[in-house]
Amino acid sequence: MGKVVLVTGVARQLGGRYVRRLQRDPDVDRVIGVDAVPPEHHLGGAEFLRADIRHPAIAKVLAETGVDTVVHMDIHGTPLGSRGSRSSVKETNVIGTMQLLGACQKAPHVKRLVVKSSTSVYGSAPRDPAVFTETTGAKSLPSGGFAKDVMEVEGYVRGFARRRPDVAVCVLRFANILGPCADSPLAEYFSLPVLPTVLGYDPRLQFVHEEDAIEALRLATAEPRRSTLNSGTFNIAGDGVLVLSQCSRRLGRPTLPLLLPTVTWAGSMLRSLGITDFSPEQIRMLTHGRVVRTTQMRETLGFDPAYTTAETFAEFVRSRGPGLLPPESVSRTVDRLAALLPAASAQTQ
């Protein structure tokens, strides 16, 4: 008998694509997708069970299906489509995780747990280190939002791992996931015709391609390969970094530098109009940035992403189409301005 894998959050695009990919794995015998709403995309030959992980009924699902591997992907920062609210998302992230872990604890046949987490757990603050490792704590604890949800979720996962030492637990902290099908708040931000930015800041950003995210999840679900270990906590990101100004040039979208209070006000307006979820934590990331080290991802997990950060962003740019300005013209203009600044500075001295 092969693995029986249960995947939460399959109504979202990434969850659906992961389920379809998992079915091609010869070691997987049965895949069960779970979500509170039916997916609008096909799940291939996987079974779909409509169940809300916030309710204790999820324990019955695990008991009746004989699941040995649980992949928890239902951890997100925004509602699915137009359904739900920030409070319902928080309930799914935190309460849903508690209920799912409680069900896993009571299910003796569960032997592996994979959790899709986020590098948001490190936060974004002015005193942050240049590069975060898996053991680096946040300098400024988040007071709310998705980052706080992720911190609470990982705390519950660590508690579960102590109570069930026989279960192999793998936590994957993904950098911002981008690609042709990306539906995250950051993807919505990059799709704006003009990008509001914080005056005086040019944050460093990392991305991971959707295909790489799926492959990392699949690797964490399988039995560890020779000389690797897929239990523990791992940062997942593509090689290299991009600064926000580089992203805007490659998109062909002009930036609108604003003072921080004005950006916060603009974010509230965009959020209230339903244009994009420009949350305070996203503003902090677009101010201070966030970069993580991926040594453990390569040396311990044995995963090498197919796309670098720059290649991931290039794929995203191609899927979004041209911006208001040709990227080549934007790059030339910025280069000219950069060349003029030293000259102007020398003349004033």
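A search for side-chain contact (heavy atoms from CB on, under 4.5 Å) contacts involving Leu229 returns Ser231, Thr300, not counting sequence neighbours. Not counting sequence neighbours, the partners of Gln246 by the side-chain contact (heavy atoms from CB on, under 4.5 Å) test are Leu242, Val243, Arg249, Arg250. Partners of Glu64 according to the side-chain hydrogen bond (donor to acceptor under 3.5 Å, both in side chains) rule, which considers only residues two or more places apart in sequence or in another chain, do not exist here. Partners of Pro257 according to the side-chain contact (heavy atoms from CB on, under 4.5 Å) rule, which considers only residues two or more places apart in sequence or in another chain, are Thr197, Leu199, Thr255. Taking Asn230 as the reference, Arg112, Pro224, Leu301 meet the side-chain contact (heavy atoms from CB on, under 4.5 Å) condition, with sequence neighbours excluded. Glu210 pairs by the salt bridge (charged side-chain N to carboxylate O under 4.0 Å, His left out) definition with Arg17, not counting sequence neighbours. In this structure, the side-chain hydrogen bond (donor to acceptor under 3.5 Å, both in side chains) partners of Ser87, at least two apart in sequence or on a different chain, are Ser85. In this structure, His76 has no ring-ring contact (aromatic ring centres under 6.0 Å, His included) partners at least two apart in sequence or on a different chain.
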In sequence, state the C-alpha distance, the side-chain angles, and the governing distance for Leu186 and Leu286, and then conclude on side-chain contact (heavy atoms from CB on, under 4.5 Å).
-> CA-CA 10 Å; Leu186 188 64; Leu286 294 174; 4.2 Å; yes
Worked verdict on Val121 versus Glu154 for side-chain contact (heavy atoms from CB on, under 4.5 Å) = CA-CA 9 Å; Val121 72; Glu154 289 201 8; 4.2 Å; yes
In residues 97-107, what donor-acceptor pairs under 3.5 Å come from side-chain atoms, sequence neighbours left out?
residue: Thr97; atom: OG1; partner: His72; partner atom: NE2; Å: 2.9
residue: Thr97; atom: OG1; partner: Asn93; partner atom: O; Å: 2.4
residue: Gln105; atom: OE1; partner: Arg163; partner atom: NE; Å: 2.8

Please list, one pair per line, the donor and acceptor atoms closer than 3.5 Å that link side chains of residues 125-132 to other protein atoms, with sequence neighbours excluded.
residue: Asp128; atom: OD2; partner: Ala125; partner atom: N; Å: 2.7

Check: residues 232-241 side-chain donor-acceptor pairs under 3.5 Å, at least two apart:
residue: Asn235; atom: OD1; partner: Tyr122; partner atom: OH; Å: 2.7
residue: Asn235; atom: ND2; partner: Tyr122; partner atom: OH; Å: 3.4
residue: Asn235; atom: ND2; partner: Arg293; partner atom: O; Å: 3.0
residue: Asp239; atom: OD1; partner: Arg298; partner atom: NH2; Å: 2.4
residue: Asp239; atom: OD2; partner: Arg298; partner atom: NH2; Å: 2.7

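At least one donor-acceptor pair closer than 3.5 Å links the side chain of Asp202 to the backbone N or O of Leu244. Counting only distance, with no hydrogens or angles, the side chain of Thr65 and the backbone of Val61 share a donor-acceptor pair below 3.5 Å.
Relative orientation of the His288 and Tyr201 rings is perpendicular, given thresholds of 30° and 60° on the angle between their planes.
Using a 4.5 Å heavy-atom cutoff, the side chains of Gln282 and Tyr189 are in contact.
Applying the ring-ring contact (aromatic ring centres under 6.0 Å, His included) test to pairs two or more places apart or on separate chains, none has a residue in residues 138-186.
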